[in-house]
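What follows is a set of notes on a single structure, which appears directly below.
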Amino acid sequence: MNLQEEKWNIPFDREHPIPFVKHCRRSFSEITDREELYSLSCELTENEKASPYAKYFSLGPAYPCPENIRATEYDTPVDSARAFMIEDYPKRMNVEGCSELKTGYCVLPNGVGFGTATTFMPGCSAEVMTNFIDHFNPPEDLFYKAWLPGAHIRHYEDMAVEDVGFGMVQLRFIEGLTAEKIGMPKNPQGDRYNIGITGANILCVPLHQPDAEPLHISELCYYRLMPEGYEMRVTFWVGMHFKDGKSVLHLPDGKAVNPMIPAALARHSAWETATYMRNVMAFWEDCKMK
């Protein structure tokens with residue numbers, strides 16, 4: 001499987017632009033010395049500091065909306081009846097107005113951890129997002145570091161190194177998930193604003209414990225372009241992978257997932273998406289002033 005084609009090299013449609021990661025153009029298999037990973041830092045290199053794009057890193061993380069902060073606190077899980085497995089994603093998301101659960105987390109009855117976060121950026125049009133995709137090209141790892149300063153370090157073609165809320169981890173993207181794979185119609189009719197879906201099955205392990213039992217995570221990103229702005233919703237299922245049209249459980253030690261894990265993932269997603277969208281809009285304003 002060519003994961004890069006499935007997840008990151010998204011066919012670019014200027015009318016319906018879907019953001020993608022600009023990575024270091026190397027794969028996990030090319031890492032022959034783990035010291036390379038252990039030497040990575042959230043701080044900027046001298047070359048990155050000298051780049052005009054360093055200003056977006058210096059802005060720091062952008063605050064999520066108050067609703068997202070409250071919904072991802074560690075003592076505010078939602079009723080699991082409001083959440084759902086990937087098998088129900090099409091019927092729960094492909095409806096007028098999209099799913100009613102915008103941001104939240106819980107543990108489902110089968111032990112799988114569920115977390116989701118929705119970020120809306122008013123005023124972000126197709127033109128604004130396309131401008132960012134086309135022209136925001138920082139050197140080295142600065143694109144990813146500026147996505148969430150202090151937490152993001154480096155993105156490879158099929159792996160990311162970052163702190164997702166429970167320490168520095170490596171996230172290996174082992175299989176791309178597409179709308180077709182999850183049974184979503186190519187042109188959803190229920191949610192007229194949906195412009196695309198991306199996702200992956202992920203193996204998550206502590207950066208300095210590569211032999212630890214991995215957390216199995218499935219992730220889907222849902223993009224909506226509305227007259228009022230752009231919306232991104234990221235959903236995680238922890239303790240499973242989606243294979244051949246069905247969820248396959250991989251619960252840690254065979255036990256239900258600790259609810260703090262999907263809470264952390266939802267919170268991390270809320271912060272990183274708010275920061276990404278802030279950078280998109282700030283870059284647009286800067287381009288208009290040139």
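No hydrogens, no waters, no symmetry mates; every other heavy atom, side chains included, goes into these values.
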Report task. Tell me, please, whether Tyr193 has Arg224 positioned over its six-membered ring: NZ or CZ under 6.0 Å from the ring centre and within 45 degrees of its axis? Result -> no
Query raised in the report: Are Pro262 and Phe236 close enough that some pair of their side-chain heavy atoms sits under 4.5 Å apart?
Result: no
Query raised in the report: Which residues pass the side-chain contact (heavy atoms from CB on, under 4.5 Å) test with Met121, sequence neighbours left out?
Result: Cys124, Met277, Met281
Query raised in the report: Are Glu127 and Arg14 ion-paired here, with the side-chain N under 4.0 Å from a carboxylate O?
Result: no
Report summary line: Hits for side-chain contact (heavy atoms from CB on, under 4.5 Å) against Ala126, two or more places apart or cross-chain, chain-then-number order -> Pro17, Leu225
Requested in this report: Could you tell me whether Arg192 and Glu96 have a side-chain N and a carboxylate O separated by less than 4.0 Å?
Outcome: yes
Report task. Considering only NZ, NE, NH1 and NH2 on the basic side and carboxylate oxygens on the acidic side, decide whether Arg25 and Glu30 come within less than 4.0 Å. Result -> no
Query raised in the report: Is the shortest heavy-atom distance from the side chain of Asn194 to the side chain of Asn94 under 4.5 Å?
Result: no
Query - Gly165 backbone acceptor or donor facing Asp163 side chain under 3.5 Å - result: yes
Report summary line: Of all heavy-atom pairs linking Lys243 and Val248, the shortest is CB-CG2, 4.0 Å
Report task. Check whether the ring centres of Tyr156 and His23 lie less than 6.0 Å apart, and answer yes or no. Result -> no
Query raised in the report: With distance as the sole test, does Asp158 use its side chain to make a donor-acceptor pair with the main-chain N or O of Phe173 at under 3.5 Å?
Result: no
Query raised in the report: According to a 4.5 Å side-chain heavy-atom criterion applied to Ile, Leu, Val, Met, Phe, Trp and Tyr, with indirect links allowed, do Phe136 and Val21 form part of one hydrophobic cluster?
Result: yes
Report summary line: Taking every heavy atom of Ser269 against every heavy atom of Val234, the minimum-distance pair comes out as OG-CB, 3.2 Å
Report task. Would you please name every residue forming a side-chain contact (heavy atoms from CB on, under 4.5 Å) with Thr76, sequence neighbours left out? Result -> Glu73, Tyr105
Requested in this report: Verify the distance criterion only: is there a donor paired with an acceptor across the side chains of Glu140 and Thr45 at less than 3.5 Å?
Outcome: yes
Query raised in the report: If we only count heavy atoms from C-beta on, is the Phe242 to Ile182 side-chain gap below 4.5 Å?
Result: yes
Report task. Determine the sole option in Asn68, Thr72, Thr119 for which the side-chain hydrogen bond (donor to acceptor under 3.5 Å, both in side chains) test with Thr103 is passed. Result -> Asn68
Query raised in the report: Under a 4.0 Å N-O cut-off, is there an ion pair linking Asp244 with Lys181?
Result: no
Report task. Decide whether Ile261 and Leu220 are clustered together by the hydrophobic rule: side chain heavy atoms of Ile, Leu, Val, Met, Phe, Trp, Tyr closer than 4.5 Å, transitively. Result -> yes
Query - Atom pair OG1/CH2 of Thr116 and Trp237 - distance to nearest 0.5 Å - result: 7.5 Å
Query raised in the report: Going by distance alone, is a donor N or O of one side chain under 3.5 Å from an acceptor N or O of the other, for Ser99 and Tyr222?
Result: no
Query raised in the report: Among all residues two or more places apart in sequence or in another chain, which pass the salt bridge (charged side-chain N to carboxylate O under 4.0 Å, His left out) test with Glu35?
Result: none
Report task. Give a yes or no on whether Leu148 and Val164 share a hydrophobic cluster (residues Ile, Leu, Val, Met, Phe, Trp, Tyr; joining criterion: side-chain heavy atoms under 4.5 Å apart). Result -> no
Report task. Please answer: with hydrophobic residues joined when any side-chain heavy atoms are less than 4.5 Å apart, are Phe132 and Met232 in the same cluster? Result -> yes
Query - Test item: Glu272 and His268 side chains (from C-beta on) under 4.5 Å apart, heavy atoms - result: yes
Query raised in the report: Are the side chain of Trp271 and the backbone of Tyr63 linked by a donor-acceptor contact shorter than 3.5 Å?
Result: no
Query raised in the report: Judged by modelled atom types alone, do Ser218 and Asn201 share a side-chain donor-acceptor pair under 3.5 Å?
Result: yes
Report summary line: With sequence neighbours left out, the residues meeting salt bridge (charged side-chain N to carboxylate O under 4.0 Å, His left out) with Arg70 are none
Query raised in the report: Can you name the nearest heavy-atom pair linking Met168 to Val161, along with the distance?
Result: CG-CG1, 4.4 Å
Query - Basic-acidic side-chain contact under 4.0 Å: Glu67, Lys102 - result: no
Query - Partners passing side-chain contact (heavy atoms from CB on, under 4.5 Å) against Pro149 (at least two apart in sequence or in another chain) - result: Phe57, Pro61, Thr275
Report task. Please answer whether the main-chain N or O of Glu36 pairs with a side-chain N or O of Ser39 as donor and acceptor at a distance below 3.5 Å. Result -> yes
Report task. State, with a plain yes or no, whether a side-chain heavy atom of Met129 is found less than 4.5 Å away from one of Tyr230. Result -> yes
Query - Check: Arg34 side chain, Leu207 main-chain N or O, donor-acceptor pair, under 3.5 Å - result: yes
**Report entry** Hphob cluster co-occupancy, Ile217 + Leu249, side-chain heavy atoms under 4.5 angstrom
**Finding:** yes
Query raised in the report: Under the criterion side-chain hydrogen bond (donor to acceptor under 3.5 Å, both in side chains), which of Glu162, His155, Arg154 is the partner of Tyr144?
Result: Glu162
Report task. Would you mind reporting whether His216 and His241 have side-chain heavy atoms less than 4.5 Å apart? Result -> yes
**Report entry** Heavy-atom side-chain contact between Leu203 and Leu215 under 4.5 Å
**Finding:** no
Query raised in the report: Going by atom types alone, do Tyr53 and Asn279 pair a side-chain donor with an acceptor below 3.5 Å?
Result: no
